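Everything on this sheet refers to the single structure shown next.
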Protein chains: 2
Amino acid sequence: MNARILVADDDRKLAALVRTYLERAGHQVVTVHDGQAALAECRRRQPDLAVLDIMMPVLDGHDVCHVLRAEGEVPVIFLTARTTEDDLVLGLGLGADDYVTKPFSPRELMARVEAVLRRTRPDPGASVVRAGSLVIDEERHLVTQAGRSVPCTPAEFRILRELVTHPSRVYSRQRLLEAAFGFDHDALERTVDVHVMNLRRKLERDPASPERLVTVYGVGYKYVAEEQEG
Amino acid sequence: MNARILVADDDRKLAALVRTYLERAGHQVVTVHDGQAALAECRRRQPDLAVLDIMMPVLDGHDVCHVLRAEGEVPVIFLTARTTEDDLVLGLGLGADDYVTKPFSPRELMARVEAVLRRTRPDPGASVVRAGSLVIDEERHLVTQAGRSVPCTPAEFRILRELVTHPSRVYSRQRLLEAAFGFDHDALERTVDVHVMNLRRKLERDPASPERLVTVYGVGYKYVAEEQEG
DNA sequence: GCGGTCGATGAAGGGGTCGTCAAGATCCGA
DNA sequence: TCGGATCTTGACGACCCCTTCATCGACCGC
């Protein structure tokens, strides 16, 4: 949250648009329009994330990313108009943390930005979510309850993280699917039921009458922390 | 939740379908069938979201979005039959918040609508409705009265939310059905009676002589808050 | 007061939602 | 490539809720 982000794209209109969305999400944004300026800005301000167009004048996104990787730890998301697999692999080979192909929806870009920020957060303590005796360590992908380690599959972890991050908030199955697997993922809502059931077996004292992972009939699920039984 | 949404599509059948789904989700929908009407409607009512077809007579979706962006803050989702890159980039360049390509699944459209509404909601706490000691928390899907939690079924929750949102306003049974469940929902008006009765049992001190959920003979029901006994 | 209309209430049915299990599909590492 | 873990789906039953119906009482105009 509230990260410093560099946006580099020679399409000034697009850069301004991306800036708008990122700022709306509470981030501080600097925009530049060529690779050289991007590199200079990164060296000066060390942003939390750089969103780089691949095709830019002076220095292209690949080059910038290459130098950044050699010099430090700035996470990178590529914007690319190309869709061939070669380009994508090349982008990731240079150490980009993610890429978004144009045309993209603001929603998709924002989701990937937040995901990368979560993954690369400098302060390890910031990536730990607590709710009562339940602790979720995003970085280590670890769940512990009352000191006891709880093994979770990737899908279970994502669903649980979303629920625990906002205790008592009711999530529809659709929204849980989105939060856990992204927007383009199409699975039946029934899948969520199964994951929740498996989580209950690992977390609940009596899985048959859940106290933490609670069903809200006709709406969805919520996580209830020990303190606030709401 | 419960947002005012404008749907503009010259395909009246499709517009009606979209309207149905949005209303079922609890939103208030206005449909128009050309760009000029869409623009006029936005200026008059300032909806929380505009769902615009790109290809429309008089004024197309691009034009409408362009003007809206220049004038204010109405979020826009495009419906587009086109899939070429140019059109999509153009859509984003004009500041659409998202786009959905036809043919689309209702589920996909709804997911994107909810996501945009979440992102653009001005006040995060706006999901709480108060009337006297009664509090309806949309996000937690929770009703509390004088601090005491009141368990509600989905139908009861929707009806109560509608009534409490507009204290002292009298709703006909038909209007309540529409507001709570959407236009396509066909249930006899007597159904409302039963829901109101069940609500009274949970909310009223003496359900036989209601003080909050009041019957207006020959018209319908209204919610009366403590302060304004009207 | 009287009749007709409207609303309150209880009970029954049918439909929808959820929990659970197991089998098939898919992913991933060895 | 193979094998195991994981994800997804479909089926089934249990349970809750919505809706409807029938009946009785309340209200209103006359």
Side-chain angles (χ1 to χ4, degrees), chain A residues 141 143 150-160 162-163 170-182 184-222, chain B residues 24-26 107 141 143 150-163 170-182 184-223:
Chain A
H141 219 266
V143 176
V150 180
C152 282
T153 70
E156 289 163 10
F157 184 87
R158 291 172 169 216
I159 288 177
L160 186 62
E162 189 63 32
L163 288 171
V170 180
Y171 286 79
S172 71
R173 292 171 172 73
Q174 192 59 42
R175 193 163 163 208
L176 276 178
L177 281 176
E178 274 189 34
F181 308 111
D184 51 351
H185 187 86
D186 56 338
L188 299 187
E189 298 189 345
R190 247 40 202 359
T191 303
V192 178
D193 295 25
V194 178
H195 288 310
V196 169
M197 178 185 65
N198 291 327
L199 279 170
R200 280 173 176 161
R201 286 184 174 149
K202 299 174 181 177
L203 294 174
E204 295 283 357
R205 201 161 40 79
D206 175 16
S209 56
E211 300 170 30
R212 304 276 82 84
L213 290 170
V214 178
T215 302
V216 180
Y217 189 93
V219 186
Y221 296 100
K222 65 178 174 181
Chain B
R24 190 176 295 171
R107 212 170 56 174
H141 211 263
V143 176
V150 180
C152 284
T153 70
E156 289 163 10
F157 187 87
R158 287 172 167 229
I159 288 177
L160 186 63
R161 175 183 61 195
E162 189 61 35
L163 288 172
V170 181
Y171 286 79
S172 72
R173 291 171 175 72
Q174 196 57 44
R175 178 92 201 284
L176 265 183
L177 282 176
E178 289 172 2
F181 305 108
D184 62 324
H185 188 85
D186 54 338
L188 300 185
E189 298 190 346
R190 289 280 143 250
T191 302
V192 177
D193 296 27
V194 179
H195 288 311
V196 170
M197 176 185 65
N198 290 327
L199 279 170
R200 281 173 175 159
R201 287 181 176 152
K202 298 174 181 178
L203 294 174
E204 296 285 356
R205 202 158 39 80
D206 176 15
S209 58
E211 300 170 30
R212 304 275 83 84
L213 291 169
V214 178
T215 301
V216 180
Y217 191 90
V219 185
Y221 297 99
K222 65 177 175 181
Y223 180 83

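Just so it is clear: chains get the letters A, B, ... in the order the sequence lines come, proteins before strands, and each one is counted from 1. The shown structure was predicted, so the numbers you read here are calculated from the model rather than taken from an experiment.
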- A:N198 atom CG is separated from D:dA5 atom P, nearest whole Å, by 15 Å
- Message: On DNA chain C, does the nearest nucleotide to A:T215 precede the nearest nucleotide to B:G218 from the 5' side, or the other way round? Give the residue.
- Response: B:G218
- Task: Under 4.0 Å between any heavy atoms, over every strand shown, what does B:T153 touch: base, sugar-phosphate, or nothing? Just pick one.
- Result: sugar-phosphate
- Rounded off to whole Å, could you give me the CD-to-C1' distance for the A:E156 and D:dT8 pair? 13 Å
- Message: Under a 4.0 Å threshold between the charged nitrogen and the carboxylate oxygen, would B:R175 count as salt-bridged to B:E162?
- Response: no
- Among the nucleotides D:dT8, D:dT20, D:dC7, whichever has the atom closest to the side chain of A:A187 is D:dT8
- Task: Would you indicate, yes or no, if D:dC18 has its OP1 or OP2 atom less than 4.0 angstrom from a side-chain nitrogen or oxygen of B:H185?
- Result: no
- Query: Are B:R190 and D:dT19 close enough that a side-chain N or O sits under 4.0 Å from OP1 or OP2?
  - Reply: no
- Item | Touch class at under 4.0 angstrom, heavy-atom based, for A:Y221 against every strand present | sugar-phosphate
- How close do A:F181 and A:R158 get, heavy atom to heavy atom, and via which atoms? CA-NH1, 4.0 Å
- Query: Please give, in whole Å, the distance from D:dT8 P to A:L176 CG?
  - Reply: 13 Å
- Main-chain N/O of B:E189 paired with B:Q174 side-chain donor or acceptor, under 3.5 Å: no
- Task: Figure out the CG/P separation between B:L199 and D:dC18, and round it to whole Å.
- Result: 10 Å
- Report the distance from atom CD of A:E204 to atom P of C:dG19, rounded to the nearest whole Å. 11 Å
- Task: Please determine, for the side chain of A:P154, which listed nucleotide (D:dT20, C:dT17, D:dT6) has the closest atom?
- Result: D:dT6
- Query: Base, sugar-phosphate, or nothing: which does A:R200 touch, judged by heavy atoms less than 4.0 Å apart?
  - Reply: sugar-phosphate
- Query: Between D:dC18, C:dT5, D:dC7, which nucleotide gets closest to the side-chain atoms of B:Y217?
  - Reply: C:dT5
- Given atom CG of A:L188 and atom P of C:dG24, what is their separation to the nearest angstrom? 18 Å
- Task: Ignoring backbone atoms, test whether B:H195 places a side-chain nitrogen or oxygen under 4.0 Å from the OP1 or OP2 oxygen of D:dT19.
- Result: yes
- Message: Considering every strand and a 4.0 Å limit on heavy-atom distances, what is the contact class for B:T191: base, sugar-phosphate, or nothing?
- Response: base
- Among D:dC7, C:dG19, D:dT9, the one nearest A:V194 by side-chain distance: D:dT9
- Message: Quick check against the 3.5 Å criterion: does B:K202 have a side-chain atom that pairs as donor or acceptor with the backbone of B:C152?
- Response: no
- Side-chain contact, heavy-atom cut-off 4.5 Å: B:R212 with B:R200? no
- Message: Going by side-chain contact (heavy atoms from CB on, under 4.5 Å), name the residues that satisfy it together with A:V216, two or more places apart in sequence or in a different chain.
- Response: A:V170, A:V219, A:K222, B:H141
- Message: In whole Å, I'd like the distance from the CG atom of A:L213 to the P atom of C:dC18.
- Response: 15 Å
- Specify the separation, in whole Å, of atom CZ of B:F157 and atom P of D:dC18. 13 Å
- Item | Selected nucleotide, minimal atom distance to A:D193 side chain, candidates C:dT20, D:dG10, D:dC18 | C:dT20
